[in-house]
> 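This is the structure I have questions about; it appears just below.
These numbers were taken from a predicted model, which means no experiment stands behind them. A note on names: the letters A, B, ... follow the listed sequences, proteins ahead of strands, and every chain is numbered from 1.
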Number of protein chains: 2
Amino acid sequence: MAKIRRAVSEEDKASRRQDILAAAKSVFAENGYHATTIADIARAAGLSYGSIYWYYESKEALFLELMSAEAGALRERIAEAAASAATGATAATTTTAGQPPSPGAEAPFRAAVRATIEFYDADRDLVKLLFRDAFALGESFEEHLARIQGLFVDDTERLVIGLQRQGVMQPGPSRVVAFAITSLIGQLAHRRLVTDDGLSAETLSDFLVDLLLHGLLVQPRSAPA
Amino acid sequence: MAKIRRAVSEEDKASRRQDILAAAKSVFAENGYHATTIADIARAAGLSYGSIYWYYESKEALFLELMSAEAGALRERIAEAAASAATGATAATTTTAGQPPSPGAEAPFRAAVRATIEFYDADRDLVKLLFRDAFALGESFEEHLARIQGLFVDDTERLVIGLQRQGVMQPGPSRVVAFAITSLIGQLAHRRLVTDDGLSAETLSDFLVDLLLHGLLVQPRSAPA
DNA sequence: CCTTGTTGACTGACGCATCAGTCTAGGAAC
DNA sequence: GTTCCTAGACTGATGCGTCAGTCAACAAGG
């Protein structure tokens with residue numbers, strides 16, 4: 001195997017830990033947790049099998065540290081964007097055409113969403129790690145699940161298009177809208193498993209539909225804040 | 001092991017297949033795909049190891065069939081609800097674009113969302129199967145990931161509460177709102193990996209923010225009925 | 001500058017457990 | 001007796017984690 005320089009100084013070692021983490025990230029993102037082996041990570045890092053264990057306790061510990069580090073970086077970026085939007089709030093002019101001028105209070109929110117999407121865009125592996133979805137199960141599962149979920153999106157899209165045709169709903173990318181709706185429902189349903197927020201199915205679905213149809217703001221027309 | 005009655009008739013066999021599927025559903029939902037073994041399923045079904053292979057080709061085939069069956073049942077239920085809401089409301093559906101929005105146009109949508117949430121509520125295992133999330137990785141991972149995602153929700157919730165305090169955003173369960181926002185962003189980001197819808201980060205985040213703030217309808221807000 | 005000793009980063013074969021899938025004996029139904 | 005289902009022992013493959021050994025880097029002594 002290609003020999004690598006031995007890490008001697010503390011900086012060397014820290015950097016090697018980082019290298020391993022980076023290698024692990026790409027491999028985990030590609031194959032999912034179960035399908036990646038320590039050998040894969042070692043290969044990607046240009047190290048031998050055993051060396052991984054010199055730096056990390058176990059496969060699990062490596063994975064957990066990776067997740068934490070990545071999430072931390074993302075949160076930091078978001079906080080930055082929100083903060084800088086808040087300070088330069090009144091001068092913010094990135095409103096969308098057709099929408100009423102947003103009060104300055106929205107600016108950090110807009111900035112945070114934007115920063116998140118951009119961060120994800122720039123780092124596809126991160127998305128896979130944080131929203132690992134079916135990818136943890138393997139290729140054929142992923143396809144099968146995508147197909148199944150696609151059916152729900154199809155159904156929803158039909159409703160959306162109908163509403164758009166009737167002029168009730170704003171024109172726009174119906175597929176994306178439909179996807180947003182179905183995934184939002186799914187995520188909230190999943191959340192109910194873990195967290196009991198005491199909302200009945202009726203309350204939750206009303207909340208959801210109203211959110212989707214009317215949005216979260218009090219008045220569509222801007223009010224001075 | 002306690003012998004069970006041999007399945008003789010076709011109905012018997014079909015019913016045994018169903019039993020296995022039901023057992024598999026609960027075990028897969030509990031432990032995730034990788035962590036459940038055929039032995040677990042056999043035990044849950046009250047059969048022996050080998051019998052599972054009499055009815056199913058492989059673990060994978062069993063899992064895929066399970067997913068398809070479950071998703072099919074859910075879709076059927078949703079379609080029913082939407083259909084009955086559509087007939088129950090005004091039958092004006094084939095209108096041309098540009099007409100004033102008929103009040104009943106939303107009804108199928110509301111009914112579909114409601115039916116979905118209720119279906120999920122009544123079947124927690126199904127939610128785990130369809131939105132398998134971290135659960136495919138095991139208990140400790142699930143907790144770790146929940147904690148990490150909780151941090152993002154915390155951050156978002158602070159923004160939401162701020163907007164609510166300023167009277168810009170409607171009062172409501174800030175935690176649920178925050179969760180809806182973060183998960184929606186995550187899901188759309190994840191979707192971008194697979195499907196290239198040609199939307200820039202800017203377009204997408206504007207779309208998202210506008211959806212969340214103003215909703216999808218043309219008329220921003222009508223008086224609550 | 002060269003030799004020798006010590007440390008600890010690195011290697012990779014191997015032990016061991018796990019588990020998907022196979023095989024065959026046994027027994028119920030007919 | 002024959003067919004068909006059930007049981008569960010068995011096999012083989014896979015992969016985590018270990019460990020005995022190797023060797024680069026550096027230090028001390030000559």
> Nearest to the side chain of A:A7, which nucleotide is it out of D:dA7, C:dC10, D:dC26?
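So the side chain of A:A7 is nearest to C:dC10.
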> Quick one: the side chain of A:R6 and the base of D:dC23, do they pair up donor-acceptor inside 3.5 Å?
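For A:R6, whose side chain was compared with the base of D:dC23, there is a donor-acceptor pair (under 3.5 Å).
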> At under 4.0 Å between heavy atoms, what does B:Y55 touch on the DNA or RNA strands: base, sugar-phosphate, or nothing?
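B:Y55: backbone/sugar contact only, no base atoms under 4.0 Å.
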> Can you measure B:Y56 atom OH to D:dC5 atom P for me and round it to whole angstrom units?
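Atom OH in B:Y56 sits about 15 Å away from atom P in D:dC5.
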> In whole Å, I'd like the distance from the NZ atom of B:K13 to the P atom of C:dA29.
15 Å
> Specify whether B:Y120 and B:F131 have parallel, tilted or perpendicular ring planes, treating 30° as the upper limit for parallel and 60° as the lower limit for perpendicular.
perpendicular
> Find the distance A:R17:CZ to C:dC10:C1' and express it as a whole number of Å.
16 Å
> Ignoring backbone atoms, establish whether B:S48 has a side-chain N or O less than 4.0 Å from OP1 or OP2 of D:dG8.
no
> Would B:K59 and B:Y53 count as a cation-pi pair here, with the cationic atom under 6.0 angstrom from the ring centre and within 45° of the axis?
no
> Can you tell me how far C1' of C:dG8 sits from CG of A:D12, to the nearest Å?
13 Å
> Considering residues at least two apart in sequence or located in another chain, which fulfil the salt bridge (charged side-chain N to carboxylate O under 4.0 Å, His left out) criterion with A:R147?
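With sequence neighbours excluded, A:R147 shows a salt bridge (charged side-chain N to carboxylate O under 4.0 Å, His left out) to no residue whatsoever.
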> As a test of reading the structure: which of D:dA25, D:dA7, C:dC10 is closest to the side chain of B:S51, going by heavy atoms?
D:dA7
> For B:E60, which residues count as a salt bridge (charged side-chain N to carboxylate O under 4.0 Å, His left out) partner, sequence neighbours excluded?
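For B:E60, no residue satisfies salt bridge (charged side-chain N to carboxylate O under 4.0 Å, His left out) once neighbours in sequence are set aside.
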> Reading nucleotides 18-25 of chain C 5' to 3', which nucleotides get B (base under 4.0 Å from a protein heavy atom), which S (sugar-phosphate only), which -?
-SBBB---
> In this structure, how many angstroms lie between the C1' atom of D:dG8 and the CD1 atom of B:I52, rounded?
13 Å
> Think B:R191 forms a cation-pi with A:F179, using NZ or CZ under 6.0 Å from the six-ring centre and within 45 degrees of its axis?
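Positive - B:R191 is close enough to the ring of A:F179 and near enough to its axis.
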> Looking at B:R192 and A:D121, is any side-chain nitrogen of the basic one under 4.0 Å from a carboxylate oxygen of the acidic one?
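Looking at A:D121 and B:R192, the cut-off is met.
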> State whether B:W54 places a side-chain N or O below 4.0 Å from either non-bridging phosphate oxygen (OP1 or OP2) of D:dT6.
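No, no such contact exists.
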> Starting from C1' on D:dG17, measure out to CD1 on A:I41 and report it in whole angstrom.
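Whole-Å distance recorded here is 13 Å.
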> Ion pair present between A:D123 and A:K25, side-chain N to carboxylate O less than 4.0 angstrom?
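Judged by the 4.0 Å cut-off on N to carboxylate O distance, A:D123 and A:K25 do form a salt bridge.
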